[in-house]
Amino acid sequence: MKEAFRETFKEKVFDIVRKIPKGETMSYGEVARRAGSPRAFRAVGTILKSNYDPKIPCHRVISSSGALGQYNRGVEEKQRKLRAEGALD
DNA sequence: CGTATGACGTGCA
DNA sequence: GTGCACGCCATAC
């Protein structure tokens, strides 16, 4: 309760991304918005790239334009996983 | 504390 | 429809 709410943007982003339902994709702007700063989509990318936790399906985070964006493991791997989940169909 | 960087977003030509 | 430039926030050094 106390330590909560003090979660840095980073912690929130990880939590949000981790909550992304399988087969669904969320844009950086949406994640940043839920994190508390709808203009921090930049920081979201900076944070996600700093995160290498496999528990965080950061590959489900794409650009609002519909582009997959980048990925610390490779865009190809990202697209591959999304397609496997049916997010790309 | 200040500077530099980055997995973006939007607008305009 | 495509390409370029600017702006934005947070993190790391």
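Naming: A, B, ... by sequence-line order, numbering from 1 per chain.
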For the side chain of A:Asn51 and the backbone of A:Phe14, is there at least one donor-acceptor N/O pair under 3.5 Å apart?
-> no

base_contact_polar (B:dC8 base, A:Arg42 side chain, donor-acceptor, <3.5 Å) | yes

A:Ser37 side chain vs A:Arg33 backbone, donor-acceptor pair below 3.5 Å | no

So what does A:Ala43 touch, heavy atoms closer than 4.0 Å: a base, only the sugar-phosphate, or nothing?
-> base

Counting heavy atoms from C-beta on, name the nucleotide in B:dA7, B:dG9, C:dT11 closest to the side chain of A:Ile47.
-> C:dT11

Quick one: A:Arg39 CZ to C:dC6 P, roughly how many Å, whole number?
-> 20 Å

Nearest-Å distance, NZ (A:Lys49) to C1' (B:dA4)?
-> 12 Å

Separation of A:Tyr52 atom OH from C:dT11 atom C1', in whole Å?
-> 14 Å

Minimum-distance nucleotide to A:Tyr28 side chain [options: B:dA7, C:dC8, B:dT10] = B:dA7

Polar side-chain atom of A:Arg83 near backbone of A:Leu88 as donor-acceptor pair, under 3.5 Å | no

Whole-Å distance between B:dC8 P and A:Gln70 CD?
-> 7 Å

So what does A:Ser64 touch, heavy atoms closer than 4.0 Å: a base, only the sugar-phosphate, or nothing?
-> sugar-phosphate

Matching residue for A:Leu82 among A:Glu77, A:His59, A:Glu24 - test: side-chain contact (heavy atoms from CB on, under 4.5 Å) = A:His59

Between A:Leu48 and A:Tyr28, what is the shortest heavy-atom contact and its length?
-> CD1-CE2, 4.0 Å

Take atom CZ of A:Phe9 and atom P of B:dC8, then tell me their distance rounded to the nearest Å.
-> 15 Å

Out of C:dT11, C:dC8, B:dC8, which nucleotide sits closest to the side chain of A:Phe41?
-> B:dC8

Looking at A:Ser37, does any N or O in its side chain come under 4.0 Å of the phosphate oxygens OP1/OP2 on C:dA10?
-> yes

Has the side chain of A:Tyr71 got a donor or acceptor atom sitting under 3.5 Å from an opposite partner on the base of B:dA7?
-> no

Select one nucleotide: of B:dC8, C:dT11, B:dG9, the one nearest the side-chain heavy atoms of A:Lys10.
-> C:dT11

Nearest-angstrom distance from the residue atom CD1 of A:Ile20 to P of B:dA7 = 18 Å

Rounded to whole angstroms, how far apart are CG on A:Asn51 and C1' on C:dT11?
-> 13 Å

Atom-to-atom span, NZ of A:Lys81 to P of B:dA7 - whole angstrom | 18 Å

Reckon A:Leu48 touches a base, only the sugar-phosphate, or nothing at all at heavy-atom distances under 4.0 Å?
-> base

